[in-house]
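Everything below concerns the one structure shown next.
What's counted below: heavy atoms across the whole structure, side chains too, no hydrogens, waters or symmetry copies. Note that the numbering runs from 1 along the sequence shown for the chain.
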Amino acid sequence: MSENVVHLHKPTDTPAPDTAPTVLTVVPDAPPAAPVPLWVRSGRAVKTAATHESTRATARAAARHSLYTLNGGRIVARRTWDGRTGSRYERMIRAAEAAGNLEAAEEWEERLQRFRAARHHRRMDLLHSPVDAAKGVAVGAGMSIGVLVALGVVMALNTGHVGDVITPLTATIDFIALLIRTVQVVWGPALSIGPLLALFALWSVGRKQQAAPNWALPANVRSDEGEPITPSIVVKALRDLGVPALARAIKEMGDAGASMLGPIRIAGCGVEVDVTLPSGVSTNEVQGKRRKLAENLTRHEHEVFITIPQAARTVRLWVADSGALDEPIGPSPLVTDDTMTADYAKGRAPWGQDLRGDAAALSLYQRHLLITGLSNQGKTVALRSLALWLALDKSVQFLMGDLKGVGDWAMFDGLAATLIQGPTDEHVIQVTEMVEGAVAEMNRRIQAPPGTVFPPLIVLVDEAQVAFMCPAKDDEKRPYGGSKANSRYFMAVRKIHNQGRAVNVLMWQGTQDPTNENLPKLVREGAHTRASLALGTESQARMALGDKAVDGGAAPNLLRPGLDRGTLVVASDGVTIPAGQSSITVRTHYIDDDAAEAITDRAKALRDGVTTLHAIEREEEHDKLADIAAVIGDAPRVRTKDVLARLAARNADAYGGWSFIDLKGVLDEAGAEAYKSDGVMVVARDRVARALANRDNEGSASAAG
């Protein structure tokens, strides 16, 4: 019986709390819960025991060791069969034929014939061996008895006892009897222990070969983290890639699928191997399955790179040691070597290391440069490290525009002739005028006498996408940004790309997230050296590096944003690229702000002193149309060539760098277009005068309004 609980309470109908009598109420406890059936408890216990980790580990161990023994027997049987028959040679012949290597197939066929001839000779010898063995035993026994009897005679002569003649023979018979008794004693246990020893030998073979399913192997074996790359592993990875033609070809080759592989070479922090694909399998089928191939090789996707060498139907696999690409590569020689100097024409900038671990050095001589990538991936540091090296050549001049404006290039103050820093439209205008000034210097150099040598002038714009996307327009309604023919920044960059290389005026740009809007096609293709950090899509990779590089295996879109910060895919003839490849992956050295300041201090010490301008000094505004009218004078028409010469003589600073395009732009906008007379382009005085009059009338009307 369950206990009852006694509660004290007052009745609800009492008139006053202080006079209400206390009432005792007995409240029975709730009935006890029904007992759980025995079969339910037993089922739960069985489920718990079956799913417990120790139970699962025990089951895996039992399956593993059983399969070690079973598959060990299969391996031993296979080896025995291969040793007794010509199946091994036949597999190698099929593999050579599948790979199209007829010379190797003929060589293996010749080896097979020699093996069969030797086997036939051994079998023929077996037909005569019983008779030869019997003869040998008879002769041996007779000789042995004769020797024993002779020994007995010697003993009898020595001792004088005739019975010693048979003593050696008797001792030999007793020894043989002892051996027989020993075998009789050992034979029984040997019959019992022998099978166990045989099973243990098979288990040992299976264990050494890890001949069990992956789920049954121990955890440290199943992970396969850092598993060394061997020919068999590469072949299995290719076989399981999901390319039917490749899988069928490897199956026909048998275990000799490794004949597709070249030698596996140590390459930096990984290994490299060339794979000759069977007929019917294209290289892009393997390239398109990079992730699956990496997983088959027990690597992450970023640890496997697939490139296309010169050999036909061949892919080159570079497989990193597990985790090696996440390790830093060490400081830059610019930081560790205080005596390092630069040579613009003959030297190479120490930029970082390639995937093989070799130093990656970049020649900057007469090469326009473009570096792009997603934000915060190390673009500015990679671009700045090249400028830091080149600054150690005292002949190099810099014009710099930092359209981010957070001080990443502040250490070049006192080193660059111009340094503009800031993200606003006014800063874009200043940078545009700086680049246009470089165009004028380029034109001046082009007009110099042949053979004149000019110092290198590097025009560097970081975050160039800000300039291309700037909506501001000048007084003549010409936009600073954009990619049209009247875009000032775009046209200035294009002019330097077209002619600057010949006179050592070079354009370096760093930009984010390449698209047609913030990095026009003509500007992308004008750069000789194109490098890209991590990007989001393959289309962006094609914009950054070009179709040829991407089709050849370049894949900056497969780099890991954040994790692969500072890793660049470079397409350039200024860096050593393995034969047959169109690009190379470079892990750049990281140079922080303090180290960069130390390097620029060394660069400043090489120079006499540079006064850095932080804004473009705008010259006095000129009335271009009025100046054109003035140089025409009273002549009815003047050749455009003479107009340009007269303008330059009138004001060299304003018009010294003008070309026919500049003159045409002013005339077309005013409605006084040049025209051809007697086969020569001329400017008419009446047209220019009429345009001036119309402009003045429009200005007066606007003022009156």
CG/Leu383 to OG1/Thr511 distance, rounded to the nearest 0.5 angstrom? 11.0 Å

How long is the straight-line distance from OG of Ser332 back to CG of Asp592, given to the nearest 0.5 Å? 11.0 Å

Please output the side-chain donor-acceptor pairs of residues 625-636 that fall under 3.5 Å, not counting sequence neighbours, one pair per line with the distance.
from: Asp627; atom 1: OD1; to: Arg650; atom 2: NE; distance (Å): 3.4
from: Asp627; atom 1: OD2; to: Tyr655; atom 2: OH; distance (Å): 2.5

Do Gln397 and Val505 make a side-chain contact, defined as non-hydrogen atoms from C-beta onward lying under 4.5 Å apart? no

Rounded distance (nearest 0.5 Å) linking atom CG of Leu388 with atom CE of Met411: 7.0 Å

Sub-3.5 Å donor-acceptor pair from the side chain of Gln366 to the main-chain atoms of Asn504, do we have one? no

Under the ring-ring contact (aromatic ring centres under 6.0 Å, His included) rule, collect the residues that match up with Tyr365, sequence neighbours excluded. Tyr344

Consider only side-chain N and O atoms of Gln353 and Asp358, and report whether a donor and an acceptor are under 3.5 Å apart. no

Do side-chain atoms of Asn284 reach the backbone of Gln287 as a donor and acceptor pair under 3.5 angstrom? no

Can you tell me if Arg524 uses its side chain to pair, donor with acceptor, with the backbone of Leu519 under 3.5 Å? yes

Please, which pairs that meet salt bridge (Lys or Arg N to Asp or Glu O under 4.0 Å) have at least one residue in residues 359-368, sequence neighbours excluded? Arg367-Asp573

Can you tell me if Lys664 has over 12 outside heavy atoms packed within less than 6.0 Å of its NZ? no

For residues Leu415 and Val610, report the shortest heavy-atom separation together with the two atoms involved. O-CG1, 3.8 Å

Residues which pass side chain to side chain contact (heavy atoms under 4.5 Å, CB included) with Ala527, listed by chain and number, not counting sequence neighbours: Leu370, Arg530

Looking at residues at least two apart in the chain, or sitting in another chain, which of them share a ring-ring contact (aromatic ring centres under 6.0 Å, His included) with Phe412? Phe398, Trp409

Using modelled atom types only, decide if a donor and an acceptor are shared between the side chain of Gln421 and the backbone of Asp402 within a distance under 3.5 Å. no

Asp462 side chain to Thr380 main-chain N or O, any donor-acceptor pair under 3.5 Å? no

Do Cys470 and Ile429 come within less than 4.5 Å of each other through their side chains, counting heavy atoms only? no

Report the C-alpha separation of Arg637 and Asp678 in whole Å, then their side-chain angles, then the decisive distance to 0.1 Å, and conclude whether the salt bridge (Lys or Arg N to Asp or Glu O under 4.0 Å) test is met. CA-CA 12 Å; Arg637 66 184 67 84; Asp678 295 331; over 6 Å; no

Taking Arg384 for its side chain and Ile591 for its backbone only, find out whether a donor-acceptor pair lies under 3.5 Å. yes

Any donor-acceptor N/O pair, Arg501 side chain to His368 backbone, under 3.5 Å: no

Test salt bridge (Lys or Arg N to Asp or Glu O under 4.0 Å) on Lys379 and Asp408; report intermediate values, then the result. CA-CA 11 Å; Lys379 169 179 53 62; Asp408 289 336; over 6 Å; no

Got more than 12 heavy atoms from elsewhere within 6.0 Å of NZ, Lys473? no

Run the ring-ring contact (aromatic ring centres under 6.0 Å, His included) test against His427 and tell me which residues pass, sequence neighbours left out. none

List the atom pairs, donor and acceptor, that lie under 3.5 Å between side-chain atoms in residues 550-559 and the rest of the protein, sequence neighbours left out.
from: Asp551; atom 1: OD1; to: Arg542; atom 2: NH1; distance (Å): 3.1
from: Asp551; atom 1: OD1; to: Arg542; atom 2: NH2; distance (Å): 2.9

Enter the distance from Gln509:CD to Leu460:CG here, rounded to the nearest 0.5 Å. 9.0 Å

Mind checking the NZ-OG spacing from Lys346 to Ser363? Nearest 0.5 Å is all I need. 12.5 Å

Atom CZ of Arg291 with >12 non-hydrogen neighbours under 6.0 angstrom: no

Do any N or O atoms from the side chain of Arg687 and from the backbone of Glu673 form a donor-acceptor pair under 3.5 angstrom? yes

Just how far is it from atom CG of Leu644 to atom CH2 of Trp658, taken to the nearest 0.5 Å? 8.0 Å

Is the closest side-chain donor-acceptor distance between Gln465 and Glu463 under 3.5 Å? yes

Any idea which heavy atoms bring Ala382 and Leu568 closest together, and the distance? CB-CD1, 3.9 Å

Contacts of Asp413 meeting salt bridge (Lys or Arg N to Asp or Glu O under 4.0 Å) (sequence neighbours excluded), chain-then-number -> none

Taken in chain and number order and not counting sequence neighbours, the residues that satisfy ring-ring contact (aromatic ring centres under 6.0 Å, His included) with Tyr489 are Phe468

Side chains of residues 441-448: which donor-acceptor partners sit under 3.5 Å, not counting sequence neighbours?
from: Glu441; atom 1: OE1; to: Arg444; atom 2: NE; distance (Å): 3.0
from: Glu441; atom 1: OE1; to: Arg444; atom 2: NH2; distance (Å): 3.4
from: Glu441; atom 1: OE2; to: Arg444; atom 2: NH2; distance (Å): 2.7
from: Glu441; atom 1: OE2; to: Arg445; atom 2: NE; distance (Å): 2.8
from: Asn443; atom 1: ND2; to: Val439; atom 2: O; distance (Å): 3.4
from: Asn443; atom 1: ND2; to: Gly657; atom 2: O; distance (Å): 3.4
from: Arg445; atom 1: NH1; to: Pro455; atom 2: O; distance (Å): 2.9
from: Arg445; atom 1: NH1; to: Val503; atom 2: O; distance (Å): 2.8
from: Arg445; atom 1: NH2; to: Pro455; atom 2: O; distance (Å): 3.1

With sequence neighbours left out, the residues meeting salt bridge (Lys or Arg N to Asp or Glu O under 4.0 Å) with Lys624 are Glu476

Could you work out, with side chain to side chain contact (heavy atoms under 4.5 Å, CB included) as the rule, every residue matching Asn498, not counting sequence neighbours? Arg494

Quick check: does any side chain N or O of Arg290 sit under 3.5 Å from a backbone N or O of Glu301, one acting as donor and the other as acceptor? yes

Donor-acceptor under 3.5 Å (Ser487 side chain, Gly481 main chain): yes

Closest non-hydrogen atom pair between Thr612 and Ala416, with its separation: OG1-O, 2.6 Å

